[in-house]
Enquirer: 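Sending over a structure as structure tokens; questions will come in a sec.
A note on names: the letters A, B, ... follow the listed sequences, proteins ahead of strands, and every chain is numbered from 1. As the structure is a prediction and not an experimental result, all values here were calculated from the model.
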Protein chains: 2
Amino acid sequence: MIRPSPRDRLAQAAFALFRERGYDQTTVDDITERAGVGRTTFFRYYRSKEDVIFPDHDRLLAQISERLLSERVRIARGAPADAQGTALAAVCDAVRLVLLHYLDEGDLARRRYKLTSSVPALRDREIATVARYQRMFREFIAGPMSELRAELMAASVVAAHNHVLRRWLRGESPDPMLELDAAMRHVSGLFAPPLAHGGAGTTIVAFRADAGIDAIVPVLQRITQDAAPAPSPAVSSQAARADGSQS
Amino acid sequence: MIRPSPRDRLAQAAFALFRERGYDQTTVDDITERAGVGRTTFFRYYRSKEDVIFPDHDRLLAQISERLLSERVRIARGAPADAQGTALAAVCDAVRLVLLHYLDEGDLARRRYKLTSSVPALRDREIATVARYQRMFREFIAGPMSELRAELMAASVVAAHNHVLRRWLRGESPDPMLELDAAMRHVSGLFAPPLAHGGAGTTIVAFRADAGIDAIVPVLQRITQDAAPAPSPAVSSQAARADGSQS
DNA sequence: GTTTGGATGGTACTCAGTACCATTACGTTG
DNA sequence: CAACGTAATGGTACTGAGTACCATCCAAAC
């Protein structure tokens with residue numbers, strides 16, 4: 001068995017010591033001693049004592065930024081049919097990468113969660129990191145939309161992600177990706193206009209009323225005849241929930 | 001003119017020095033020297049160098065927590081007619097206090113904003129503070145609602161508040177309270193069911209399909225006939241997506 | 001005046017993080 | 001094999017935040 005890299009030895013020693021004595025009770029010297037490296041080496045691999053437990057979000061952030069950027073030109077090039085939904089969908093998609101990143105870490109992410117849950121400094125650090133993603137999302141969405149709405153969308157996507165992530169970290173979610181998709185649908189539902197506006201296709205409204213179906217159909221027909229009959233395939237469906245149950 | 005309290009002198013000296021030399025280039029000793037007090041006194045009034053520019057959020061947090069708590073018993077006591085909207089409305093109301101607090105600070109808040117915008121450590125601190133409010137809101141809402149939805153509501157309210165606050169800090173908002181109210185209406189709109197729910201009322205599902213209206217109507221009829229014409233108040237709508245796009 | 005308690009100041013310490021330089025390890029080239 | 005050059009490592013010394021402790025001062029109460 002070959003000796004792991006200093007970087008890994010440091011991280012391993014740090015996690016072990018934080019668990020044994022707690023974060024505040026562990027000095028960088030303690031970590032380097034156990035890892036068998038010099039103190040200088042620690043700060044060569046990690047900018048700070050906090051950094052030793054966090055993954056390199058910089059890389060992931062850059063990766064996602066790139067993805068969104070290419071998505072943006074795709075949006076700009078194509079027809080801006082539904083800028084709202086498209087931008088949101090892109091972000092919903094991007095956030096999957098973030099969750100996947102955590103899932104890949106497996107138990108490491110859970111050990112980190114234990115720490116961030118109990119050490120204020122680490123919690124704040126985690127929160128600041130999440131805010132970076134949220135900011136990136138906001139700036140991406142802000143193009144085709146009101147600033148406020150972009151802010152709300154970014155915040156909602158991130159909040160939904162955090163919700164699912166936390167559930168998984170606590171062992172409450174057997175299939176977090178599935179839950180994330182459901183949560184993203186929930187978010188999309190918030191921002192989808194009750195009815196699709198413009199465009200072609202047949203708009204169908206189904207509802208339950210005290211009146212019988214026979215009394216309603218004529219009304220439907222009159223409405224749908226105002227619009228074009230049933231043309232192009234490009235359709236963006238909008239499901240509006242009319243009862244109060246949260247999905 | 002009487003000498004201001006050491007606390008105020010320290011804050012004033014700190015703001016001045018941060019402006020002159022920058023945050024990182026200013027030491028606590030610099031601050032205490034200009035304020036004419038001992039170094040010990042600084043840490044007696046402020047827990048850290050960062051704290052000297054931030055208001056006492058602890059007090060405001062406690063104040064708002066209390067307010068929400070009394071609101072919660074009011075909700076629990078009265079009829080939980082619309083637990084969704086009531087909890088959200090309470091939080092929307094509570095967040096006005098936060099904005100008012102910033103507005104009261106006037107120029108001080110703007111000077112702080114200059115700092116938090118440029119110094120990463122201070123920005124992170126501000127973000128962590130905001131997260132405390134968001135957490136409180138989430139826990140308050142979580143009672144009568146799904147965890148996810150509570151998370152989304154809290155995040156949205158906070159995001160909307162931040163949006164308005166930032167605009168005011170940048171001098172872009174002549175009447176921030178008015179804007180906040182508008183933003184809160186926007187948020188409420190996100191979470192308000194499109195139609196009044198429950199009762200003998202009407203359940204509506206709207207969607208757009210490639211199929212023509214004539215192909216859909218029979219299906220509708222079959223569905224509506226399965227259920228009683230105008231039955232019990234408890235209705236769970238079925239939103240059928242008729243095309244392949246995400247809702 | 002004396003006492004007492006709270007506010008203040010000073011000193012010494014720990015520890016994170018930085019800067020700089022010496023040293024070692026290792027692959028390359030002669 | 002030896003000399004060289006480069007990257008990784010280690011050591012030392014420093015700055016500055018934050019803590020602990022104790023001495024001092026000041027003002028009000030007695």
Enquirer: Over how many whole Å does the gap from A:Leu10 atom CG to D:dA8 atom C1' extend?
Expert: 13 Å
Enquirer: Scan A:Thr26, A:Asp30, A:Thr27 and name whichever one has a side-chain hydrogen bond (donor to acceptor under 3.5 Å, both in side chains) with A:Arg21.
Expert: A:Asp30
Enquirer: Using atom CD of B:Gln25 as one end and atom P of C:dT18 as the other, report the distance to the nearest whole Å.
Expert: 13 Å
Enquirer: Taking atom CD of B:Glu66 as the centre, does the number of heavy atoms from other residues, nucleotides or ligands within less than 6.0 Å exceed 12?
Expert: no
Enquirer: Report the distance from atom CZ of A:Phe42 to atom C1' of D:dG11, rounded to the nearest whole Å.
Expert: 17 Å
Enquirer: What is the distance, rounded to the nearest whole Å, between atom CZ of A:Phe43 and atom P of D:dA13?
Expert: 18 Å
Enquirer: Measure the distance from CZ on A:Arg7 to C1' on D:dT9 and round it to the nearest whole Å.
Expert: 16 Å
Enquirer: Go through D:dT9, C:dA16, D:dG16 for me and flag the one nearest to the A:Lys49 side chain.
Expert: C:dA16
Enquirer: By nearest nucleotide on DNA chain D, pick out whichever of B:Glu50 and B:Arg44 is the more 5' one.
Expert: B:Glu50
Enquirer: State whether A:Thr41 places a side-chain N or O below 4.0 Å from either non-bridging phosphate oxygen (OP1 or OP2) of D:dT9.
Expert: no
Enquirer: Heavy-atom count around A:Gln12 CD within 6.0 Å, excluding the residue itself: above 12?
Expert: no
Enquirer: Tell me: CG of A:Asp29 to C1' of D:dT12, nearest whole Å?
Expert: 13 Å
Enquirer: Quick one: A:Arg21 CZ to C:dT14 P, roughly how many Å, whole number?
Expert: 16 Å
Enquirer: Flag the pair A:Arg167 and B:Glu147 as a salt bridge only when some basic side-chain nitrogen lies within less than 4.0 angstrom of an acidic carboxylate oxygen.
Expert: no
Enquirer: Looking at every strand, decide which applies to B:Thr26 at a 4.0 Å heavy-atom threshold: base, sugar-phosphate, or nothing.
Expert: sugar-phosphate
Enquirer: Ignoring hydrogens and angles, are the base of C:dG10 and the side chain of B:Thr40 linked by a donor-acceptor pair under 3.5 Å?
Expert: yes
Enquirer: Would the distance check show the side chain of A:Arg39 and the main-chain N or O of A:Asp29 forming a donor-acceptor pair, the cut-off being under 3.5 Å?
Expert: no
Enquirer: Looking at A:Tyr45, I'd like to know whether one of its side-chain N or O atoms comes within less than 4.0 Å of OP1 or OP2 on D:dA8.
Expert: no
Enquirer: Which whole-number value in Å describes the distance from A:Asp30 CG to C:dA16 P?
Expert: 8 Å
Enquirer: From the options D:dT19, D:dG10, C:dG17, select the nucleotide whose nearest atom is closest to the side chain of B:Arg39.
Expert: D:dT19
